[in-house]
Amino acid sequence: MASSQRTPPVTQLDPPRHAVVVGAGVIGLSTAIRLLEAGYRVDLVARDLPGDPLSIEFTSPWAGAHHVSVANGADMRLHQFDARTFKVMSDLIRSDPDVPLFFAKQTEYREEPEPTEGPGQHAGQLALMSRYHPNFRWLAPGELPTGIACGAEFTCILIHTPDYLAYLVGRVKHLGGRIHRCGALASLAAALEVDPSLSSADLVINCTGLGARTLVPDAKVFPTRGQLVIVEAPWISQGITRLGPAREGQPRVYDYTIPRPKTGHVVLGGCAEQNNWDPNPRADMTRRIKERCLALQPELLPPDKRTGGTIDDLRVVREAVGLRPTREGGIRLEVELLRTAAGREIPLVHNYGHGGYGFQSSWASAEAAVELAGRSFDGSGMALDRAGKARL
Ligand SMILES: Cc1cc2nc3c(=O)[nH]c(=O)nc-3n(C[C@H](O)[C@H](O)[C@H](O)COP(=O)(O)OP(=O)(O)OC[C@H]3O[C@@H](n4cnc5c(N)ncnc54)[C@H](O)[C@@H]3O)c2cc1C
């Protein structure tokens, strides 16, 4: 691992504060890394760990994934998080040849026009992405397929999620963090009972994704079901997204293809079914995904099937379903006080609710959680009441 990829410690804490991070998805692992770099002693506890057999209760290993923001001008916090994370990931690619992140060409199509920036109007997704994606270019009208109102192409980042999670685990351990498997915790305070050495911890960081719904509890957290079809098409090196029109109170229909470098696979989606917990692929959705993605990128077919080929000629590796940990109001970055079994009150920093954008917002969200953790103690190290009303 190249040493230049590690951010220098923000703070040297003496003695170090002891943080227990609950959750080992992309959010828990990224947060643990930033805490360790900031001088904290870190123990991470989780029911599911990277490398486990796939479980519908653990979202991160299911994701496609690519860094293509869904933020628009109505959510500038998310835009800032995504832009910052793009910068961190870009620096990782440049400094560490082994990091499982890859630059790739991305094409975005929109069935409805998107606002550009101007007085009195929020910028659309593409206008915000134009601020930080290299090689950004609006497509000319003559380049747009039928039914597409606007589009752009640019360099995005592809994330090989199982390998990237393993890479993050390696960084946590390299920095001295400890990782413990636990059963399904009944409360966040129970995280301090997982090992006797955790009972005197100074703070807990909650990165439990969908688990926060019952663990906090937070009724604003709900699943957004995503079904995928993974095909073999090693000749595909660029991804394409087509986004349908806005629908009142409902996610927009969208189709996407995401190459997974080195595997020769391409992830086909998408679907975003709110409050649907069904863990099994549905045949009707599989068919829809194949048809729409093939219309989007006919080169998904093997070269010898391009003329007259159909969805039956796609080389399907498997179908999959993952549940995005969505939250009304977006990511919760907030501090409360947690009463431990021994009756102490310690800061509890929440960092959950990343919906369909947990990888692309991960580093900025982790940095915000560490900032909240630092702000939740007074000068003498005591936990502030309601942690000083800290909220981001
Ligand atoms: C189909 C699909 C495609 C996606 N594509 C993208 C994409 O292209 N780009 C992108 O940025 N994001 C994408 N996402 C979203 C991304 O995967 C999530 O936002 C992210 O994985 C959430 O990470 P997390 O760490 O919050 O949650 P998780 O990965 O679910 O981790 C939660 C952790 O908390 C632990 N936990 C939960 N409850 C308990 C409990 N009671 N006791 C003990 N431990 C507990 C779990 O064991 C686990 O370790 C996609 C998601 C899906 C499903």
Side-chain angles (χ1 to χ4, degrees), residues 20-32 44-52 54-71 78 81-82 85-86 89 106 156-162 164-165 168-169 179-188 190-191 194 205-217 221 223-230 239 241 254 256-258 260 267-273 276 279 281 289 319-327 330-332 350-363 365-366 369:
V20 172
V21 175
V22 190
V26 65
I27 300 304
L29 293 165
S30 308
T31 303
L44 189 149
V45 302
R47 180 193 56 213
D48 308 283
L49 300 177
D52 286 359
L54 290 170
S55 154
I56 195 66
E57 294 182 299
F58 184 23
T59 307
S60 293
W62 294 104
H66 56 190
H67 189 309
V68 175
S69 180
V70 294
L78 185 58
F81 279 17
D82 291 350
T85 303
F86 190 87
M89 289 182 164
Q106 174 72 13
C156 81
I157 291 174
L158 302 176
I159 306 154
H160 187 301
T161 48
Y164 185 64
L165 293 169
L168 294 178
V169 167
I179 298 180
H180 312 256
R181 185 189 297 281
C182 59
L185 297 172
S187 70
L188 289 162
V194 168
I205 316 247
N206 172 21
C207 306
T208 53
L210 207 46
R213 180 179 165 89
T214 47
L215 211 44
V216 173
V221 175
T224 300
R225 181 179 179 278
Q227 188 168 321
L228 304 171
V229 181
I230 293 135
T241 303
Y254 67 126
Y256 60 79
T257 66
I258 306 177
R260 272 207 172 161
V267 178
L268 313 184
C271 106
E273 297 174 318
N276 185 334
I289 290 170
E319 297 163 37
V321 173
L323 302 179
R324 303 174 182 91
T326 314
R327 180 173 179 273
I331 304 167
R332 185 175 183 203
H350 294 293
N351 186 11
Y352 64 84
H354 295 73
Y357 41 80
F359 282 86
Q360 63 210 29
S361 61
S362 54
W363 288 112
S365 195

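Computed from a predicted structure; not experimentally measured. Remember, it's 1-based here, ligands and their atoms both numbered in the order they're listed.
- When side chains are defined from C-beta on, Leu210 counts as touching Val221, because their heavy atoms get closer than 4.5 Å.
- The shortest N/O to N/O separation between Gly355 and ligand 1 falls below 3.5 Å.
- Taking distance alone, with nitrogen or oxygen atoms compared against 3.5 Å, Ala65 stays at or beyond that limit from ligand 1.
- Applying the 4.0 Å criterion to heavy atoms of Ala184 picks out, from ligand 1, the atoms 42 (N).
- In this structure, Tyr352 has no heavy atom closer than 4.0 Å to ligand 1.
- Using cut-offs of 30° and 60° on the angle between ring planes, the pair Tyr254 and Tyr256 is tilted.
- The nearest protein atom to atom 41 (N) of ligand 1, hydrogens excluded, is given as Leu185 O, 3.2 Å; this is a heavy-atom distance.
- The main-chain N or O of Val26 is found under 3.5 Å from a side-chain atom of Ser60 such that the two form a donor-acceptor pair.
- If you check which protein heavy atom lies closest to atom 37 (C) of ligand 1, you get Thr208 O, 3.4 Å.
- Looking from atom 46 (C) of ligand 1 to the surrounding protein, the closest heavy atom is Asp48 OD2, 3.5 Å.
- Residue Phe58 has at least one heavy-atom neighbour below 4.0 Å for each of these atoms of ligand 1: 28 (P), 29 (O), 30 (O), 31 (O), 48 (C), 49 (O).
- When Val68, Thr326, Ile331 are each tested for a side-chain contact (heavy atoms from CB on, under 4.5 Å) with Tyr357, only one passes: Ile331.
- Ligand 1 has Gly183 within reach: a non-hydrogen atom of the residue lies less than 4.0 Å from it.
- Residue Ser362 holds its OG atom at 10.0 Å from CG of Leu29, rounded to the nearest 0.5 Å.
- Counting only heavy atoms of the protein, atom 22 (C) of ligand 1 lies nearest to Pro325 CG, 3.8 Å.
- Ligand-side atoms of ligand 1 in range of Gly322: 53 (C), range being under 4.0 angstrom from any heavy atom.
- Every N/O-N/O distance between Trp62 and ligand 1 stays at or above 3.5 Å.
- Closest to atom 23 (O) of ligand 1 among all protein heavy atoms lies Ser60 OG, 3.2 Å.
- Here atom 52 (C) of ligand 1 lies nearest to Arg324 when heavy atoms of Arg225, Arg324, His67, Glu57 are compared.
- Ligand 1 has at least one atom lying under 4.0 Å from a heavy atom of Val26.
- Residue Tyr256 has no nitrogen or oxygen atom sitting less than 3.5 Å from a nitrogen or oxygen atom of ligand 1, judged on distance alone.
- Under a 4.0 Å criterion applied to the non-hydrogen atoms of Ile27, ligand 1 contributes the atoms 23 (O), 24 (P), 25 (O), 26 (O).
- Distances between N or O atoms of Phe359 and those of ligand 1 include at least one value under 3.5 Å.
- Exactly one residue among Phe86, Phe81, Tyr164 makes a ring pair (Phe, Tyr, Trp, His ring centres under 6.0 Å) with His67. That residue is Phe86.
- Under the 3.5 Å distance criterion, the side-chain polar atoms of Thr214 are left unmatched by any main-chain donor or acceptor of Pro217.
- A pairwise comparison of heavy atoms in Ala191 and Val22 identifies CB-CG2, 3.7 Å as the closest pair.
- Heavy-atom contacts of Gly23 reach the following atoms of ligand 1: 33 (C), 34 (O), 35 (C), 49 (O) (cutoff under 4.0 Å).
- Heavy-atom proximity to atom 28 (P) of ligand 1, evaluated over Thr59, Thr85, Val68, is greatest for Thr59.
- The CH2 atom of Trp363 lies 15.0 Å from the CG atom of Asp82; values are rounded to the nearest 0.5 Å.
- With a 4.5 Å cut-off on side-chain heavy atoms, Cys207 and Ile205 count as touching.
- If you check which protein heavy atom lies closest to atom 27 (O) of ligand 1, you get Gly209 CA, 3.8 Å.
- Using modelled atom types, no side-chain atom of Asn276 and backbone atom of Glu273 make a donor-acceptor pair closer than 3.5 Å.
- When the options Gly358, Ser69, Ala63, Ser30 are ranked by their closest heavy atom to atom 3 (C) of ligand 1, first place goes to Ala63.
- Ranking the protein heavy atoms by distance from atom 38 (N) of ligand 1 puts Gly211 CA, 3.6 Å first.
- Which parts of ligand 1 touch Gly64 is read off a 4.0 Å heavy-atom cut-off, strictly below it: atoms 3 (C), 4 (C), 5 (N).
- Within ligand 1, counting atoms from 1 as listed, the ones closer than 4.0 Å to a heavy atom of Ala24 are 33 (C), 48 (C), 49 (O).
- For ligand 1, the polar-atom distance check finds no N/O of Val22 at less than 3.5 Å from any of the ligand's N/O atoms.
- Scanning both residues, Arg327 and Tyr352, for their nearest heavy atoms gives CD-CE1, 3.8 Å.
- Two residues are said to be in side-chain contact when any heavy atoms from C-beta on lie closer than 4.5 Å; Ser30 and Leu168 meet this criterion.
- Scanning the protein for heavy atoms near atom 9 (N) of ligand 1, the closest one is His66 O, 3.1 Å.
- Close approach of ligand 1 to Cys207 (heavy-atom distance below 4.0 Å) involves ligand atoms 32 (C), 33 (C), 34 (O).
- Ile289 has its side chain out of reach of Leu228: every pair of non-hydrogen atoms, C-beta onward, lies at least 4.5 Å apart.
- In this structure, Arg181 does not pair ionically with Asp48, as no charged nitrogen and carboxylate oxygen lie closer than 4.0 Å.
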Verdict with supporting geometry, Arg332 and Val216, side chain to side chain contact (heavy atoms under 4.5 Å, CB included) = CA-CA 11 Å; Arg332 185 175 183 203; Val216 173; 3.7 Å; yes
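- Closest heavy-atom approach to atom 10 (C) of ligand 1 within the set Ser361, Gly356, Gly28: this belongs to Gly356.
- From Ile258, atom CD1 reaches atom CD of Gln106 across 7.5 Å, with rounding to the nearest 0.5 Å.
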